[in-house]
Amino acid sequence: MNEQYRTYYKVISILIDLFLINLAGYIGYVMTYQSVSFTDLQHINLLNVLLINFVWFNVTQLTRLYSDIFVKDAIPTIKQALGSLLLFAAFMGILIYTIKDLNQSYQLLSFTFVVFSGLFLVGKIVFLLFRRSRRESLINYKKVVIVGAGPLGLALKKHMEFDTHLGYKVVGFFDDDIADDDEGFNILGKVSDCIDYVKGSSIREIFCALPDSSLDKINTLMREADKEMIRFKLVPDIKHYFKKNVKVQVYGHIPILSQRMEPLEIMINQVVKRIFDVVFSLMIIVFVMSWMLPLMAILIKLESKGPVFLSSCDQEKTTSPFIVSNSEA
(Lines give C-alpha, C1' and ligand atoms only; values in the text may rest on other atoms or scores of the structure.)
Protein backbone atom coordinates (compact mmCIF):
# COMPACT_ATOMS: atom_id res chain seq x y z
CA MET A 1 0.00 0.00 0.00
CA ASN A 2 1.51 3.36 -1.00
CA GLU A 3 1.94 6.45 1.15
CA GLN A 4 -1.16 8.13 -0.29
CA TYR A 5 -3.50 5.39 0.95
CA ARG A 6 -1.76 5.30 4.33
CA THR A 7 -2.55 9.00 4.72
CA TYR A 8 -6.18 8.37 3.77
CA TYR A 9 -6.53 5.67 6.41
CA LYS A 10 -4.90 7.91 9.01
CA VAL A 11 -7.29 10.79 8.27
CA ILE A 12 -10.27 8.42 8.32
CA SER A 13 -9.19 7.05 11.71
CA ILE A 14 -8.92 10.58 13.13
CA LEU A 15 -12.36 11.55 11.81
CA ILE A 16 -13.96 8.36 13.15
CA ASP A 17 -12.60 9.00 16.65
CA LEU A 18 -13.75 12.63 16.56
CA PHE A 19 -17.19 11.41 15.49
CA LEU A 20 -17.21 8.94 18.38
CA ILE A 21 -16.31 11.59 20.95
CA ASN A 22 -19.12 13.85 19.71
CA LEU A 23 -21.54 10.90 19.59
CA ALA A 24 -20.55 10.11 23.17
CA GLY A 25 -21.24 13.75 24.06
CA TYR A 26 -24.72 13.49 22.59
CA ILE A 27 -25.42 10.23 24.44
CA GLY A 28 -24.14 11.83 27.65
CA TYR A 29 -26.45 14.81 27.04
CA VAL A 30 -29.44 12.48 26.64
CA MET A 31 -28.50 10.57 29.82
CA THR A 32 -28.02 13.79 31.79
CA TYR A 33 -31.00 15.89 30.69
CA GLN A 34 -33.38 13.12 29.54
CA SER A 35 -33.88 14.83 26.19
CA VAL A 36 -33.03 13.72 22.65
CA SER A 37 -33.09 17.22 21.14
CA PHE A 38 -30.97 20.31 21.82
CA THR A 39 -33.95 22.54 22.39
CA ASP A 40 -32.43 24.06 25.50
CA LEU A 41 -28.98 25.18 24.31
CA GLN A 42 -28.10 26.80 27.61
CA HIS A 43 -26.76 23.41 28.69
CA ILE A 44 -24.35 23.28 25.72
CA ASN A 45 -21.43 25.60 25.06
CA LEU A 46 -20.14 25.09 21.51
CA LEU A 47 -16.73 26.48 22.46
CA ASN A 48 -16.45 23.77 25.10
CA VAL A 49 -17.32 21.15 22.49
CA LEU A 50 -14.58 22.48 20.20
CA LEU A 51 -12.15 22.54 23.12
CA ILE A 52 -12.85 18.88 23.93
CA ASN A 53 -12.25 17.90 20.30
CA PHE A 54 -9.08 20.00 20.21
CA VAL A 55 -7.71 18.40 23.39
CA TRP A 56 -8.41 14.88 22.13
CA PHE A 57 -6.75 15.54 18.78
CA ASN A 58 -3.59 16.92 20.40
CA VAL A 59 -3.46 14.10 22.96
CA THR A 60 -3.47 11.55 20.14
CA GLN A 61 -0.63 13.44 18.46
CA LEU A 62 1.39 13.27 21.68
CA THR A 63 0.80 9.53 22.06
CA ARG A 64 1.29 8.94 18.29
CA LEU A 65 -1.90 6.92 18.27
CA TYR A 66 -2.37 7.17 14.51
CA SER A 67 1.22 6.51 13.43
CA ASP A 68 1.96 3.17 11.74
CA ILE A 69 -1.54 1.89 12.46
CA PHE A 70 -1.02 -1.15 10.22
CA VAL A 71 2.47 -1.95 11.51
CA LYS A 72 1.95 -1.89 15.29
CA ASP A 73 0.94 -5.11 17.00
CA ALA A 74 -2.36 -5.44 18.83
CA ILE A 75 -1.02 -5.06 22.39
CA PRO A 76 0.96 -1.84 21.72
CA THR A 77 -2.11 -0.47 19.92
CA ILE A 78 -4.37 -1.13 22.92
CA LYS A 79 -1.73 0.29 25.29
CA GLN A 80 -1.56 3.49 23.25
CA ALA A 81 -5.34 3.69 23.21
CA LEU A 82 -5.55 3.35 26.99
CA GLY A 83 -2.72 5.83 27.43
CA SER A 84 -4.53 8.33 25.21
CA LEU A 85 -7.71 7.98 27.27
CA LEU A 86 -5.87 8.49 30.57
CA LEU A 87 -3.95 11.50 29.26
CA PHE A 88 -7.17 12.96 27.82
CA ALA A 89 -8.90 12.56 31.19
CA ALA A 90 -5.94 14.19 32.95
CA PHE A 91 -5.87 17.18 30.61
CA MET A 92 -9.63 17.66 30.84
CA GLY A 93 -9.46 17.47 34.64
CA ILE A 94 -6.79 20.18 34.68
CA LEU A 95 -8.79 22.39 32.31
CA ILE A 96 -12.01 21.98 34.30
CA TYR A 97 -10.15 22.91 37.49
CA THR A 98 -8.31 25.92 36.04
CA ILE A 99 -10.80 27.38 33.54
CA LYS A 100 -13.85 28.71 35.35
CA ASP A 101 -15.75 29.31 32.10
CA LEU A 102 -15.72 25.58 31.37
CA ASN A 103 -19.02 25.28 33.21
CA GLN A 104 -20.37 22.09 31.70
CA SER A 105 -22.17 19.70 34.00
CA TYR A 106 -19.77 17.30 35.71
CA GLN A 107 -22.34 14.57 35.24
CA LEU A 108 -22.50 15.30 31.49
CA LEU A 109 -18.70 15.22 31.18
CA SER A 110 -18.48 11.99 33.19
CA PHE A 111 -21.13 10.26 31.06
CA THR A 112 -19.39 11.50 27.91
CA PHE A 113 -16.00 10.15 28.97
CA VAL A 114 -17.35 6.75 30.03
CA VAL A 115 -19.39 6.30 26.83
CA PHE A 116 -16.54 7.51 24.64
CA SER A 117 -14.07 5.15 26.35
CA GLY A 118 -16.34 2.20 25.60
CA LEU A 119 -17.00 3.21 21.98
CA PHE A 120 -13.34 4.03 21.39
CA LEU A 121 -11.99 0.72 22.75
CA VAL A 122 -14.64 -1.30 20.92
CA GLY A 123 -13.72 0.57 17.74
CA LYS A 124 -10.05 -0.29 18.22
CA ILE A 125 -10.85 -3.97 18.73
CA VAL A 126 -13.01 -4.01 15.59
CA PHE A 127 -10.19 -2.34 13.66
CA LEU A 128 -7.67 -4.93 14.88
CA LEU A 129 -9.98 -7.76 13.84
CA PHE A 130 -10.46 -6.14 10.42
CA ARG A 131 -6.71 -5.65 10.05
CA ARG A 132 -5.72 -9.17 11.06
CA SER A 133 -6.58 -10.86 7.77
CA ARG A 134 -5.49 -7.93 5.58
CA ARG A 135 -2.44 -6.73 7.45
CA GLU A 136 0.19 -7.94 5.01
CA SER A 137 -1.46 -6.13 2.09
CA LEU A 138 -1.96 -2.94 4.13
CA ILE A 139 1.63 -2.55 5.36
CA ASN A 140 3.75 -0.20 3.28
CA TYR A 141 6.85 -2.39 2.98
CA LYS A 142 10.22 -0.69 2.56
CA LYS A 143 12.48 -2.36 0.04
CA VAL A 144 15.97 -2.95 1.49
CA VAL A 145 19.11 -4.83 0.54
CA ILE A 146 21.55 -6.66 2.79
CA VAL A 147 25.28 -6.45 2.20
CA GLY A 148 26.84 -9.69 3.38
CA ALA A 149 25.26 -13.07 2.74
CA GLY A 150 26.88 -14.80 5.69
CA PRO A 151 25.08 -16.33 8.68
CA LEU A 152 24.35 -12.89 10.17
CA GLY A 153 22.84 -11.55 6.94
CA LEU A 154 20.70 -14.67 6.47
CA ALA A 155 19.51 -14.47 10.08
CA LEU A 156 18.54 -10.82 9.55
CA LYS A 157 16.59 -11.72 6.40
CA LYS A 158 14.71 -14.51 8.19
CA HIS A 159 13.86 -12.16 11.07
CA MET A 160 12.48 -9.53 8.69
CA GLU A 161 10.41 -12.14 6.88
CA PHE A 162 9.08 -13.55 10.16
CA ASP A 163 8.29 -10.18 11.81
CA THR A 164 6.34 -8.66 8.95
CA HIS A 165 5.17 -5.78 11.15
CA LEU A 166 8.70 -4.32 10.86
CA GLY A 167 7.68 -3.25 7.37
CA TYR A 168 10.80 -4.43 5.51
CA LYS A 169 11.02 -6.45 2.30
CA VAL A 170 14.48 -7.82 1.50
CA VAL A 171 15.17 -7.55 -2.24
CA GLY A 172 18.42 -9.50 -2.12
CA PHE A 173 22.08 -9.66 -1.06
CA PHE A 174 25.36 -8.17 -2.16
CA ASP A 175 28.49 -10.19 -1.39
CA ASP A 176 31.91 -10.81 -2.92
CA ASP A 177 32.42 -14.35 -1.65
CA ILE A 178 29.34 -16.20 -2.97
CA ALA A 179 28.67 -17.13 -6.60
CA ASP A 180 25.56 -15.73 -8.25
CA ASP A 181 24.11 -19.14 -8.97
CA ASP A 182 24.39 -20.55 -5.44
CA GLU A 183 21.08 -22.12 -4.50
CA GLY A 184 19.09 -20.34 -1.77
CA PHE A 185 20.81 -16.96 -2.17
CA ASN A 186 19.38 -14.08 -4.15
CA ILE A 187 22.75 -12.49 -4.90
CA LEU A 188 22.31 -9.21 -6.75
CA GLY A 189 26.00 -8.51 -7.29
CA LYS A 190 29.29 -7.59 -5.70
CA VAL A 191 29.58 -5.20 -2.76
CA SER A 192 30.90 -2.52 -5.15
CA ASP A 193 27.68 -2.80 -7.19
CA CYS A 194 25.40 -2.08 -4.24
CA ILE A 195 25.12 1.74 -4.46
CA ASP A 196 24.44 1.76 -8.22
CA TYR A 197 21.75 -0.89 -7.78
CA VAL A 198 19.87 0.82 -4.94
CA LYS A 199 19.98 4.17 -6.79
CA GLY A 200 18.42 2.57 -9.87
CA SER A 201 15.82 0.62 -7.87
CA SER A 202 14.63 3.49 -5.62
CA ILE A 203 15.83 1.67 -2.50
CA ARG A 204 16.66 4.06 0.33
CA GLU A 205 18.00 1.71 3.01
CA ILE A 206 20.97 -0.65 3.24
CA PHE A 207 21.70 -3.15 6.01
CA CYS A 208 25.37 -4.08 6.22
CA ALA A 209 26.13 -7.47 7.80
CA LEU A 210 29.73 -7.82 6.66
CA PRO A 211 32.27 -9.25 9.15
CA ASP A 212 34.85 -7.08 10.93
CA SER A 213 37.52 -8.35 8.56
CA SER A 214 35.84 -6.34 5.78
CA LEU A 215 36.26 -3.01 7.54
CA ASP A 216 37.62 -1.24 4.44
CA LYS A 217 34.61 -2.31 2.38
CA ILE A 218 32.26 -1.19 5.17
CA ASN A 219 33.85 2.27 5.39
CA THR A 220 33.78 2.75 1.61
CA LEU A 221 30.17 1.65 1.36
CA MET A 222 29.18 3.88 4.30
CA ARG A 223 30.74 6.97 2.70
CA GLU A 224 29.11 6.29 -0.69
CA ALA A 225 25.69 5.75 0.92
CA ASP A 226 26.05 8.99 2.86
CA LYS A 227 26.83 10.92 -0.33
CA GLU A 228 23.71 9.54 -2.01
CA MET A 229 21.48 10.22 1.07
CA ILE A 230 20.81 6.50 1.50
CA ARG A 231 20.26 5.15 5.02
CA PHE A 232 23.11 2.88 6.03
CA LYS A 233 22.61 0.57 9.01
CA LEU A 234 25.45 -1.51 10.36
CA VAL A 235 24.57 -4.90 11.87
CA PRO A 236 27.25 -5.99 14.39
CA ASP A 237 27.69 -9.67 15.17
CA ILE A 238 27.19 -10.00 18.94
CA LYS A 239 25.64 -13.46 19.09
CA HIS A 240 28.74 -14.77 20.88
CA TYR A 241 28.09 -12.32 23.76
CA PHE A 242 24.31 -12.27 24.14
CA LYS A 243 21.52 -14.67 23.23
CA LYS A 244 18.72 -12.09 23.43
CA ASN A 245 17.96 -8.43 22.82
CA VAL A 246 20.49 -5.99 24.24
CA LYS A 247 20.55 -2.32 25.14
CA VAL A 248 22.94 -0.18 23.10
CA GLN A 249 24.41 3.07 24.46
CA VAL A 250 26.95 5.31 22.80
CA TYR A 251 29.66 7.01 24.87
CA GLY A 252 31.18 9.45 22.41
CA HIS A 253 31.98 7.18 19.46
CA ILE A 254 32.19 4.01 21.58
CA PRO A 255 29.12 1.67 21.52
CA ILE A 256 28.32 0.05 24.87
CA LEU A 257 26.19 -3.11 24.93
CA SER A 258 24.20 -4.06 28.02
CA GLN A 259 22.49 -7.38 28.57
CA ARG A 260 19.33 -5.68 29.78
CA MET A 261 17.89 -2.29 30.65
CA GLU A 262 17.24 -1.65 34.34
CA PRO A 263 13.58 -0.71 34.93
CA LEU A 264 14.51 2.52 36.74
CA GLU A 265 16.63 3.66 33.77
CA ILE A 266 13.35 4.40 31.99
CA MET A 267 12.10 7.90 32.78
CA ILE A 268 8.42 6.95 33.07
CA ASN A 269 9.30 4.27 35.62
CA GLN A 270 11.24 6.82 37.66
CA VAL A 271 8.23 9.15 37.66
CA VAL A 272 5.85 6.34 38.66
CA LYS A 273 8.18 5.21 41.46
CA ARG A 274 8.54 8.77 42.76
CA ILE A 275 4.76 9.25 42.78
CA PHE A 276 4.31 5.91 44.56
CA ASP A 277 6.95 6.83 47.17
CA VAL A 278 5.30 10.18 47.92
CA VAL A 279 1.74 8.81 48.02
CA PHE A 280 2.70 5.78 50.15
CA SER A 281 4.69 7.95 52.58
CA LEU A 282 1.78 10.36 52.95
CA MET A 283 -0.59 7.45 53.61
CA ILE A 284 1.74 6.10 56.32
CA ILE A 285 2.01 9.54 57.92
CA VAL A 286 -1.75 10.20 57.82
CA PHE A 287 -3.17 6.76 58.59
CA VAL A 288 -0.44 5.15 60.75
CA MET A 289 1.85 7.72 62.33
CA SER A 290 -1.07 10.02 63.19
CA TRP A 291 -2.19 7.57 65.90
CA MET A 292 1.01 5.63 66.53
CA LEU A 293 3.13 8.63 67.62
CA PRO A 294 0.59 9.85 70.23
CA LEU A 295 0.23 6.26 71.51
CA MET A 296 4.01 5.90 71.81
CA ALA A 297 4.18 9.27 73.61
CA ILE A 298 1.55 8.13 76.14
CA LEU A 299 3.38 4.85 76.78
CA ILE A 300 6.68 6.70 77.25
CA LYS A 301 5.13 9.14 79.73
CA LEU A 302 3.59 6.25 81.69
CA GLU A 303 6.93 4.45 82.02
CA SER A 304 9.33 7.39 82.31
CA LYS A 305 9.40 10.74 84.06
CA GLY A 306 11.55 12.33 81.37
CA PRO A 307 10.50 13.99 78.11
CA VAL A 308 9.15 12.05 75.15
CA PHE A 309 12.08 13.19 72.98
CA LEU A 310 15.61 13.38 74.34
CA SER A 311 17.72 16.35 73.30
CA SER A 312 21.44 16.24 73.98
CA CYS A 313 24.34 18.49 73.14
CA ASP A 314 27.60 16.89 72.00
CA GLN A 315 30.82 18.63 71.06
CA GLU A 316 33.75 17.16 69.19
CA LYS A 317 37.32 18.46 69.26
CA THR A 318 37.22 20.82 66.29
CA THR A 319 33.54 21.27 65.54
CA SER A 320 30.73 23.38 66.87
CA PRO A 321 28.14 21.92 69.25
CA PHE A 322 25.22 20.12 67.60
CA ILE A 323 21.88 18.87 68.89
CA VAL A 324 20.82 15.22 68.70
CA SER A 325 17.13 14.44 69.12
CA ASN A 326 15.99 10.93 69.79
CA SER A 327 13.12 9.07 71.39
CA GLU A 328 13.70 7.39 74.78
CA ALA A 329 11.60 4.48 73.59
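Just so we're clear, the structure is a prediction, and the values are computed from it rather than from any experiment.
Distance check, rounded to the nearest 0.5 Å: CE of M31 to OH of Y26 gives 13.0 Å. With values rounded to the nearest 0.5 angstrom, E205 atom CD is found 10.5 Å from I230 atom CD1. To the nearest 0.5 Å, atom CG of residue L293 and atom CD1 of residue I300 are 9.0 Å apart. Atom NZ of K124 and atom OG of S13 lie 5.5 Å apart (nearest 0.5 Å). In this structure, CD1 in I52 is found 6.5 Å from OG1 in T112, a value given to the nearest 0.5 Å. To the nearest 0.5 Å, atom CG of residue L215 and atom NZ of residue K217 are 12.0 Å apart.
If you run side chain to side chain donor-acceptor pair (under 3.5 Å) between N53 and each of D17, N22, N48, only N22 comes through.
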Exercise. Yes or no on side-chain contact (heavy atoms from CB on, under 4.5 Å) for D193 and L188, after CA distance, side-chain angles and deciding distance?
Worked result: CA-CA 8 Å; D193 302 327; L188 302 174; over 6 Å; no
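The closest side-chain heavy-atom distance from E224 to F232 is not below 4.5 Å. No side-chain heavy atom of L23 sits less than 4.5 Å from a side-chain heavy atom of F116. L95 has its side chain within reach of V55: a pair of non-hydrogen atoms, C-beta onward, lies under 4.5 Å apart. Contact check for R204 versus K142: no side-chain heavy atoms found under the 4.5 Å cut-off. F174 is listed as a side-chain neighbour of V145, based on a closest heavy-atom distance under 4.5 Å. The side-chain heavy atoms of T60 and F88, taken from C-beta on, include no pair separated by under 4.5 Å.
In this structure, S84 and T63 approach most closely via the heavy-atom pair OG-OG1, 2.8 Å. The two residues L108 and T32 have their closest heavy-atom pair at CA-OG1, 3.4 Å. Scanning both residues, I206 and C194, for their nearest heavy atoms gives CD1-SG, 3.8 Å. Minimum heavy-atom separation, P236 to L234: CD-O, 3.3 Å. Listed here is the closest heavy atom pair of I203 and K143: CG2-O, 3.1 Å. Nearest heavy-atom pair across A81 and F120 is CB-CE2, 3.5 Å.
Side-chain atoms of D176 come within 3.5 Å of backbone atoms of V191 as a donor-acceptor pair (strictly under, hydrogens ignored). A donor-acceptor pair under 3.5 Å links the side-chain atoms of S67 to the main chain of R64, judged by distance alone. Distance alone, capped at 3.5 Å, is enough to place a donor-acceptor pair between the N186 side chain and the V171 backbone. The backbone N or O of F54 lies less than 3.5 Å from a partner atom in the side chain of N58, making a donor-acceptor pair. In this structure, the side chain of T220 engages the main chain of D216 through a donor-acceptor pair within 3.5 Å. Side chain of R231 to main chain of A225: no donor-acceptor pair is present (N/O by atom type, distance under 3.5 Å, no hydrogens or angles).
Using modelled atom types and a 3.5 Å distance limit, the side chains of E161 and Y168 yield no donor-acceptor pair.
Criterion: ILVMFWY side-chain heavy atoms under 4.5 Å apart, direct or through other members. Under it, I16 and I14 are part of a common hydrophobic cluster.
More than 12 heavy atoms of other residues, nucleotides or ligands sit less than 6.0 Å from atom CG of D277. Around CE of M283, the count of heavy atoms belonging to other residues, nucleotides or ligands within 6.0 Å does not exceed 12. At most 12 non-hydrogen atoms from other residues, nucleotides or ligands lie less than 6.0 angstrom from CD1 of I75. Crowding of F127 atom CZ: a count of heavy atoms from other residues, nucleotides or ligands under 6.0 Å exceeding 12.
Relative ring orientation between Y29 and Y33 is described as tilted, the plane-to-plane angle lying within the 30° to 60° band.
Ring pair F91/W56: centre-to-centre distance not below 6.0 Å.
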